[in-house]
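The sequence lines fix the lettering, A, B, ..., with proteins before strands; numbering per chain opens at 1. No hydrogens, no waters, no symmetry mates; every other heavy atom, side chains included, goes into these values.
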Protein chains: 12
Amino acid sequence: MLHGPNLNLLGSREPEHYGHQTLEEIDEAIRSEAARLKAEAECRQSNHEGQLIDWIQGAGRDFQGLLINLGAFTHTSVALRDALAASKLPAVEVHLSNIHAREEFRRESLTAQVVWGLISGLGARGYTLGLTALIERLRNDGKETR
Amino acid sequence: MLHGPNLNLLGSREPEHYGHQTLEEIDEAIRSEAARLKAEAECRQSNHEGQLIDWIQGAGRDFQGLLINLGAFTHTSVALRDALAASKLPAVEVHLSNIHAREEFRRESLTAQVVWGLISGLGARGYTLGLTALIERLRNDGKETR
Amino acid sequence: MLHGPNLNLLGSREPEHYGHQTLEEIDEAIRSEAARLKAEAECRQSNHEGQLIDWIQGAGRDFQGLLINLGAFTHTSVALRDALAASKLPAVEVHLSNIHAREEFRRESLTAQVVWGLISGLGARGYTLGLTALIERLRNDGKETR
Amino acid sequence: MLHGPNLNLLGSREPEHYGHQTLEEIDEAIRSEAARLKAEAECRQSNHEGQLIDWIQGAGRDFQGLLINLGAFTHTSVALRDALAASKLPAVEVHLSNIHAREEFRRESLTAQVVWGLISGLGARGYTLGLTALIERLRNDGKETR
Amino acid sequence: MLHGPNLNLLGSREPEHYGHQTLEEIDEAIRSEAARLKAEAECRQSNHEGQLIDWIQGAGRDFQGLLINLGAFTHTSVALRDALAASKLPAVEVHLSNIHAREEFRRESLTAQVVWGLISGLGARGYTLGLTALIERLRNDGKETR
Amino acid sequence: MLHGPNLNLLGSREPEHYGHQTLEEIDEAIRSEAARLKAEAECRQSNHEGQLIDWIQGAGRDFQGLLINLGAFTHTSVALRDALAASKLPAVEVHLSNIHAREEFRRESLTAQVVWGLISGLGARGYTLGLTALIERLRNDGKETR
Amino acid sequence: MLHGPNLNLLGSREPEHYGHQTLEEIDEAIRSEAARLKAEAECRQSNHEGQLIDWIQGAGRDFQGLLINLGAFTHTSVALRDALAASKLPAVEVHLSNIHAREEFRRESLTAQVVWGLISGLGARGYTLGLTALIERLRNDGKETR
Amino acid sequence: MLHGPNLNLLGSREPEHYGHQTLEEIDEAIRSEAARLKAEAECRQSNHEGQLIDWIQGAGRDFQGLLINLGAFTHTSVALRDALAASKLPAVEVHLSNIHAREEFRRESLTAQVVWGLISGLGARGYTLGLTALIERLRNDGKETR
Amino acid sequence: MLHGPNLNLLGSREPEHYGHQTLEEIDEAIRSEAARLKAEAECRQSNHEGQLIDWIQGAGRDFQGLLINLGAFTHTSVALRDALAASKLPAVEVHLSNIHAREEFRRESLTAQVVWGLISGLGARGYTLGLTALIERLRNDGKETR
Amino acid sequence: MLHGPNLNLLGSREPEHYGHQTLEEIDEAIRSEAARLKAEAECRQSNHEGQLIDWIQGAGRDFQGLLINLGAFTHTSVALRDALAASKLPAVEVHLSNIHAREEFRRESLTAQVVWGLISGLGARGYTLGLTALIERLRNDGKETR
Amino acid sequence: MLHGPNLNLLGSREPEHYGHQTLEEIDEAIRSEAARLKAEAECRQSNHEGQLIDWIQGAGRDFQGLLINLGAFTHTSVALRDALAASKLPAVEVHLSNIHAREEFRRESLTAQVVWGLISGLGARGYTLGLTALIERLRNDGKETR
Amino acid sequence: MLHGPNLNLLGSREPEHYGHQTLEEIDEAIRSEAARLKAEAECRQSNHEGQLIDWIQGAGRDFQGLLINLGAFTHTSVALRDALAASKLPAVEVHLSNIHAREEFRRESLTAQVVWGLISGLGARGYTLGLTALIERLRNDGKETR
C-alpha cells in the first residue's frame, strides 16, 4: 500500500472529505484484512514523488500487487503513471472521497488509465475492498497459470 | 441492482472489455452475496432510459440502497442523474471495465457526481464489493441514527 | 402542458430549487387559469423521451399551442428539439428555477432555440404567465389571419 | 423599468427581431399594467453603462423591485452584474426576442445569473408579464415577513 | 431498416431538408428494391431510443444486415452506438439531407464510427443505394467464407 | 471523376483502409457503369491542388456532374471548396474508407458542405453507387426543366 | 468621423504602433480631403461608450455615412455593434495599426461584422482612403436610386 | 487612487468578500498613510468607464503614480488597459478580495498585464501597502535619475 | 498584383459576395490607376500555391511593392505567409468582400500578420485604394532614405 | 518564509525579471523587517516539492503564518495546494515579477486559490509588505479571539 | 533530401532563425557526408506541394531512405503526411530552427507522426546528423534481414 | 548527461517504444563517443525532480554543455524548464521514441522551448548524435569568442 502526499494528515485534514480515521488506523485495518485473507500487506507514505517512483520500481522484487492512493499526484504526475505502466504488478487505485464530485482539476486521473481498477468515494472501506479484489485476482491468475 | 442498456448482452459482447460472465450469472452472484450478508437484492435490466428513471423514483418504497451500472446512459443522461439526486437512497455505481482507460466520451460520468461511491474496472467482482460497502454503510447509518 | 422527467416528484425534490408545490397543484392552477381565460388545458407528464415525442407529434390534431417543461431533456435531446421544430404549434418553455444560475450543463437549452419564448426562474407562476402569453398570441394570430 | 443601450430605437430597428412597438408605447403599457395592479412603475433608458449602474445602486431608496432589459450590456457587463447582485431588490430580466435563437454571443447572459427570473422571446408582452410576477412576489414576501 | 425519431413525419416536416416522400413511400421503395435483388427487407420506426436498442439487439436472430437512419439519436446516443457495436451485423447509415451542410450539432455522428459505411445527402435514393451495397457485401462475404 | 493526392497509389497503400483494387481497376469500373447507364465518364488524378482547381473550374464546359474523392485535400483545402461552390455542377463526394471512424483530423470535410451528397466507407462500390445517384438526378432535373 | 477611447492621445501614445500624427492633424487631413471631394466631414472623439452610441444613433439626421475608429471598444462592445447595425448609414472602420499583427484579443472585431468595409494598418492614410471609398459609394448609390 | 464601479457601495455590499469598511474610511486611511510618508493622495470613484479613462489620461499632469481598483472593469475593459499602458505613470492594482479564489470570469485581469504590480486579497490593508510600494519606488526612481 | 485561386472566376461566381466586375476589368482599373499615379502595375493570377510562392520570391527583382488577394489561401497557407515575410517588399492585402462578416473559417488571415496593411469589403475599389497607399508609401520611404 | 525551486539563483538568473538582489539579501531584509515589527522570521529554500510539503505540514508546530514564493511549483503542484489548504496557518503568496504579464502558463496559480492574499510584481519589496500584512492580521486575529 | 517551400531562400531569409548557409552549401555538405559514409545523396527543392508528393511517391524506385525538411508544409499538409505514410522508406525530418520555441502554429508537425525520427534546432548540422542516423539504420536493417 | 524518471528501467520497460539497450549500455556508448571526440561525459539518472534541478543548477561549475532526457518531467515540469533557462549552458534534448507519434499528453515539451535543439525518435543513436552536435558547437563557439 502506497499513500501519496498529505495523506499522513488524515484524521485532521478536512474530515468532511476524508473522514476521521488516521493513516495509522487505516494501515492497521489493511494489515488485519490482509492477515484475515492469509496474505501480507506493507504500508508506506511519502510526500516525495521521486520516493514513490522508487518504491513502485522496486515493488516487483518483494510484492505481487499494488494498492495505491497517490493523492494530488494522481492528477499531475506523468512520471508516476509511467512507473505504474512499467511495473508488472496489477494495481488498484483508491480514493477516500468521490473525486468525480469535487473540483474540476481533481476529476482527471492520469494513473487511472494504467491501473487494473479504481474505487472512489467509499471512505476508508475502499482500501480493504480493493485489497480483497487484488488478492482474489492474484489467486485466480495463479490458478490459471498453474 | 439496476443494469442499463446493452448489459443484457453480457457474456457475448466484446468479452475483452466486459468479461465472459452473463448477466444471469452476475445477478445470481449478487443475490448470493446479499444472502450471505443477510440482506436481499433484486436485479433489473432495461434498455429504456424512462424505465430506469421510473425504477429509481420508485425504489424509495421497497429498497434501502441502489447498486447501479447505467451503461452508456452514464455518460449522457442528465435525467437519470436528476432521478438519483432526487432519490433519498445511497447509491454505488459499478463499471465492469475501467472507464478511465477507454474512449474519451466514456470517461465522463454524469451520475458519478451524485452517487456515494464508484467502482470501476474490477470486473464482475465490483458488484459484490459494492454491495458489501452499501450494506455495511446502511447498517452503520442505522446504528448512528438509533 | 407537457412535463418532462422527474417533474412528477415536485414538492418533495430539492424544494430550494423547485418550490413546495406538487405537480398536481401546478396542473390544477394551469387548468383554472385556462378556464379563467375561456380556454382549455390538458396536462401530461412522462419520464420517457419517446413518449414526449409522440405527444408533441400528436398535439397538432387536438391542441393549438404547447406549454412545455422538458426537465433534464431540455439540455440533451436533439430528438425533442426536432419534434418541436416539426410541430406547427407555437410553444412556450418554462423552468421553475433560473437555469442560468445553476450548473454549467443546465445552462444550455437545445429546445429554447425552436420555441417562441422562454420563462425561467419565476417559480410555479411561470406556467400561468406562459399560458397567458400563449393564449393571447393565438387570439391575435387568429385575428390577423381572419 | 430600466432599458439598456439602443432600446430607444425600438419600433424602427430590425422589427423582425424587436417588433413594431416604440419604447414609449411599451413604457405606457408597463405603467397601465402597474396601475391596474395598484402599483406604480417608472421607466428609464440609457445608452451609458455607468448611468444604468448609478440607477440600480439608487433604486433601493425609491423602488421595491427591478424590471430590466439591459440590451447588449446583458452579454458583456460584469459591472452591471455586480450592481444587480449588490442590490437588495428582486429583479426580472426581459428580452423582446428569444436570445437563445440568435447569434452565439447573444446567448450568454451575465446578468441572468443574479436575477430572480428571466423572460425571453414573448415580445413586448414579456414586460407586463414580468411586472405581474414581480408585484405578486413582492406582495407574497410582504405577507410572509409580516 | 430502422427509422429513428420524427422520421414518421416525413413528407410534411421541413420538405426543403427531407423531401416530399412519406415514410410509407420510402419503405415501399426499399422493399421493392430488396425484391428486385432477390432479398427481403423489413422496415420499422420508433421515437423511443430503448425500442430501437431492443430491435438492434434482436436483429441478429432474423436479419443479416442493418440499414439505419437513427435521426436525432445519431448525434446523442452512446447507447445505440454500443448496441450497433455489439451487433454482429454489418450496417449502413443513411441520411436524407447532407448532415455536413447543416447545424454544428448535426455534424457529429456517434454511430458513424461503428457502422460499415455512410450515405448522406442523396435524398430517398440513399436508402436503396445503401441496401444495394449491403446486399452485395453480404453475398461477397458469403462467397468468401464458403 | 476527380481523384486527389495519393489515390494513384491505390492497391498498394494501406489495403486495410483502402482495399486491394488499383486506381485503374476502379476507373474501369466507373466507366463500365457509366456505359451501362448510357452515360460517359472521364477519370483524372492529380497530386496538385492547383490542377484539381483548374479541372473543377473547367468542368462546366464538358461535363454535367462531378464525382470526387479529393483525398487529403478534403480536410484542408478551402480553395477546392470554393471551386466546388463556384461550379454550377452537382457533385457527389466519395471516400473508400469510413472517414468518421479514423483520426480526428480526417473527420472534418470542408468540401462536404458544398456538395450534393456524400458516400463514405462502402469501399470501391461507393464510386459506382455515387455515379448512379448522380446520373439519375441529372435525368430527373432534365425532366423537370424540360 | 468618430474616434473611440484613447485616440485623443495620438502622437504621444506608443508611436511605433500609432504614428506621430496628432488627432488634430488627422482630423484636419480628413476635412481637407472631404473638401477636395466636395463633401463635408465632422470629427468627434470620446472615451465614453454611451456617448459614441448616442452619436451613432443621431448620425442618421445629419450625415450620410460613418467613418469610425472605435479603438478598444472595437473588441468588446456589443452595444456599439448593435448601434451600427441599427443605423441606416454605410460605415467604414479604420485602424491605424494592423490589428491582425498584434495581441490575440485585438484580432477580433465585433463591429467589423456590421460595417461595409475595413482598412487596417495603412497608418493615418487609411482615414482619407476610407473617406474616398465612402463618398464614392454614396454617390454611386445616389445614381442607382435616382 | 481610482475606484471603479460599485466600490462606492463598500461596507454594505457582500461584506464576506469586501469587508466592513466604507469607501470613505478606506480613502481616509490612504490619505493618512500618504501624509505619514510625506506625500499626498487624492481619491476618486466612478461607475463610468469613460470617466475613469479621462482621469487616467489626465493623471500625468498632477500625479506621479496611480493606485487603482477598477472593480468589474478589471476583467472586461480593453479601453482602460490601453489608457494605463499609454500613461507614463507606474501603477499598482489592488483588490480587496482574492480574485483567484472566486468565479472563473473574475480570475482574468486585463489591466494586470500593464501595471507594475498587483495586490489581491489582503483586505483594505492592500491599499496602504500598495501606496507604500509606489511611493518608495518613485523615490528610488528619483534617486536613480538624479 | 497577385490574385489567388478562383479569382479568375470573378464576375460569374457568387456576385452577391464578389460583385459583377470580371478579373480583366479589375486588372485594367489597377493598371490605369497606376498610370495615373505615374507608376506601373503588372497583374497575375494562379490557382497553384507553388506558383504564387515562386512569384512572390521573384518579385524583389522587378517590383517595389506587392498588392495581393490570395483568396482561399489567405486562410490556410503558412508557406505563402513565409514567402511574404521573407520578401523585402511592402505588401497590401485586399479582399473584395468583408471577410469578417462571413463564415468562421474565412475570418482568420494568416497572411494579414505579415503585410503592411489590409483592406476588406470595399469591393473592387479596394484594389486601387490599396495601390494608392502603396505607391505613396514607397515614395515617402524613398524620400526618407534619400 | 518558504522559497521554491530556482529561487536560490536570485541575483544571477534573468535579472530583468527577478532583480539584482540575492536570496541571502532578501532573507536578511525579511528578518530585519520581522525584528522591526517585534516578530521572528525563518527562511528556507528547496528545489524539492516533497521537502516543501514536509515544511508546510510541520509549520503548524513552530510558526503562526506562512510567507511563500513557490516559484514554478505555483503553476503545477496540486500537492502543495493541498498542503496549504490543510494547514491552519494564514499564508501570503509573493512573486517578484508580475506573473500576469508573462507567459500564458505562468498566469495560473493553483496555490493562489487557497492563500489569504497575493502580491505580485513589486520586486523584493513585496516580501516585506506581505510580512507586514501577515503580522498585522495575526495580531488582529489575536485581539479578536482574546 | 527533399526541401520544401521557401528553403531555396536560405542564407538571405531571416538568418537569426535559419542561419547564413545557402541551400547550395547545405546540399553540398549533405553530398560530402554521404560520400564519406560511402553512400549517395540527391537533393531537390520545390515550392509546390504536388511536386513534393510526386517525388515522395517516386522515391521508392531509386532511394532507400528520405531526409526531409518540408518547411511550412510540415504544419498544414495532410497530403504530404499521407504520401510519407504510404512510402515504404524510413524518413528523418529535420528543422534548422527549434520549432518548439517559435509561433504556436509552427509547433505542430503533421508529418512528425509518420517519420522515424526528428531533429530540430541544431542548425545545418542537423541534416548531416540525420543522414548519419538514416544510413546506419539502413545498414543495420540490411544486416538483420540478410 | 541527465536521465529523468523511469529511464533506469531501460531495456525491460516497453521495448517496442524504448529499445532493448539498458541505461548502462547507453551511458557507456555516450562516454566512448565523448572519448572518441576527445571530450569527457558524465551520466546521471534520478526519479526525483528536485535532484535533477540541483544537478542542472550545479552543472555550470563543472560542465560546458548538457545532454538531457528528462522523461515524463519533459511534459509537466515548469521548474526544470526554469532551471534550464537559468543555466548558461547550451542543451540538447533527446527522446528515444518519437514523442510526436505517441499519446496527446506526451507531445508537448515544456523544456523544448528553452534548449538549443531536440532529437526524437532515432533510438539510442540520438544520444551520441546529440553529443556530437553539442561538442562541435562548443568548439565553434570557442573559436568565435577567441
task = For J/Arg137, check side chain to side chain contact (heavy atoms under 4.5 Å, CB included) against everything at least two apart and list the hits.
result = J/Pro90, J/Trp116, J/Asp141
ask   = Got more than 12 heavy atoms from elsewhere within 6.0 Å of CD, J/Gln113?
value = yes
query = Would the number of heavy atoms belonging to other residues, nucleotides or ligands and lying under 6.0 Å from CD of J/Gln64 be above 12?
reply = no
inquiry  = For L/Ser87, which atoms come within 4.5 Å of any heavy atom of chain J: side chain, backbone, both, or neither?
reply    =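 Contact with chain J is absent: no heavy atom of L/Ser87 under 4.5 Å.
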request  = Select all residues of residues 43-63 of chain J having any heavy atom within less than 4.5 Å of some heavy atom of chain L, and report them by number, or 'none'.
outcome  =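 Residues J/Asn47, J/His48, J/Glu49 are the ones that qualify, each having a heavy atom under 4.5 Å from chain L.
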ask   = Looking only at atom types and distance, does a side-chain atom of J/Asn6 sit under 3.5 Å from a main-chain N or O of L/Ala86, one as donor and one as acceptor?
value = no
